[in-house]
Amino acid sequence: METGRAWIEIDRKALGHNVAVLRSLLPKGCELMPALKANAYGHGAVLVGRELNKMGVRAFCVACVEEGVELRKGGVEGEILILGYTHPLQFPLLEQYDLCQTVVDYAYARELQEYGERVAVHIGIDTGMHRLGERCEQVDRLCRICDMQNLVIKGAYTHLCVADSMAEKDRIYTRQQAEAFYHTIGVLRNRGYQIPRIHLLASSGVLFHPELGGDYARVGIALYGACGDMEGYRQAVQPPLRPVLSLKARIASVRELQPGESAGYGLAYVAEKPARLAVLAIGYGDGLPRVLSGGTGEVLVGGRRAPIAGRICMDQTLVDVTNVDGVQPGDVAVLIGSQEGETVTVEEMATRAGTIPNEILSRLGGRLGRK
Ligand SMILES: *Cc1c(COP(=O)(O)O)cnc(C)c1O
């Protein structure tokens, strides 16, 4: 019996379905390297990592060393690549927990070299996003990185920044990024450097540019089945990916309001006629975006859509259930997911909140239970 105030439910079957669909889309010889950063986009990193291990997934990427350590402590096996910066004082953790570090640029490679112990790395190569990675034009610097005795080079990768766009100029930019990447890898390999595994595709790369290849695909949002809002998604993905996460909350109280009465902070909700409000035990402290206040967002109660009433609080949210019969305290409301045939997707919530599903999911708080 579920007793929580607000919680996340993870659909194992949907995760398995998405793994199978994505594997069928991957270029030949390419393996999944799921992104488990930000607590696996709110899904629970250890939970998802262990499930994926059971499905034969043997490589993962995370944003920071703490996330890698958490996965290892939780028993997740296989290669774990840290995509972001690790402070030199934390370099011992890399060996201790068998983590692979990204070389974020040439200066950082020197810090890794000066640490004095052997560290496993993937070299980040910047082909046009201009975020992390040594610039692809800096072939000499890349060669010097490869020459560093303490760096055990396991791979090299780049990141595409407009692969989700169908605009012709963006498709051209993506192809140019890929060409620059393969050209740079070719030069390094021709000079005799061993670069075992290379990768460049994230979710939108796999969905819209699978021909660009690589040995790994660093899929995040597609794995979680939350990219239905991407332009071009319908044509590219058959059968569709399935949402893995649902977000639910308990109804703490149901209250009747007389016409003219108001509710919540700022008395922002005003009952124009006799109204009924349900109080959900979830708020922005759990990651529910506060911009969904005042009817901008809708939730499911009794299988019907109910608009958010007034201002979302830190721990509570009022919803207008005047048009829903039989709502009782203790009932469950669905904020993301389905109830009696009606659905609110995270894509819909993100659009209403003026953001992308990735942000909504990654901000779902640690206060939520997961099952
Ligand atoms: C977050 C991230 C990914 C995963 O991106 P999705 O679009 O969610 O698939 C892949 N690569 C890098 C470098 C990332 O930062």
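Treat the numbers as computed from the prediction; the structure is a model and nothing was measured. Just the heavy atoms: all of them, side chains too, but no hydrogens, waters or symmetry mates, feed the values below. Remember, it's 1-based here, ligands and their atoms both numbered in the order they're listed.
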Is there a donor in the side chain of Y193 and an acceptor in the side chain of D147, or the other way round, less than 3.5 Å apart?
-> yes
I221, any N or O under 3.5 Å of ligand 1 N or O = yes
Are D286 and R363 within salt-bridge range, i.e. N to O under 4.0 Å?
-> no
N/O separation below 3.5 Å, S204 to ligand 1 = no
Indicate, as side chain, backbone, both or neither, the part of L83 found under 4.0 angstrom from ligand 1 when only non-hydrogen atoms are considered.
-> side chain
Which distance, rounded to the nearest 0.5 Å, do you find between the CG of L99 and the CG of L71?
-> 8.5 Å
Cation-pi check, R311 to Y269: give yes when NZ or CZ is under 6.0 Å from the six-membered ring centre and within 45° of the ring axis, no otherwise.
-> no
Within-shell test, R131 vs ligand 1, heavy atom, strictly < 4.0 Å | yes
Any ion pair linking K248 and E9 (charged N to carboxylate O, less than 4.0 Å)?
-> yes
State plainly whether the residues R131 and D126 are in salt-bridge range, i.e. N to O under 4.0 Å.
-> no
Non-hydrogen atoms of Y41 versus ligand 1: any pair closer than 4.0 Å?
-> yes
Are the charged groups of R58 and E79 less than 4.0 angstrom apart, N to O?
-> no
In terms of side-chain geometry, is the basic nitrogen of R367 or D315 positioned less than 4.0 Å from the acidic oxygen of its partner?
-> yes
Give the residue and atom name of whichever protein heavy atom lies nearest to atom 11 (N) of ligand 1, and the separation in Å to one decimal.
-> R218 NE, 2.8 Å
N/O of S203 under 3.5 Å from N/O of ligand 1, yes or no?
-> yes
Contact region, H159 to ligand 1, non-hydrogen atoms below 4.0 Å, reads side chain
Where is the nearest protein heavy atom to atom 14 (C) of ligand 1: which residue, which atom, and how far?
-> K37 NZ, 2.9 Å
Within 4.0 Å of some non-hydrogen atom of V219, the atoms of ligand 1 are 9 (O)
N/O to N/O below 3.5 Å, does that happen between A202 and ligand 1?
-> no
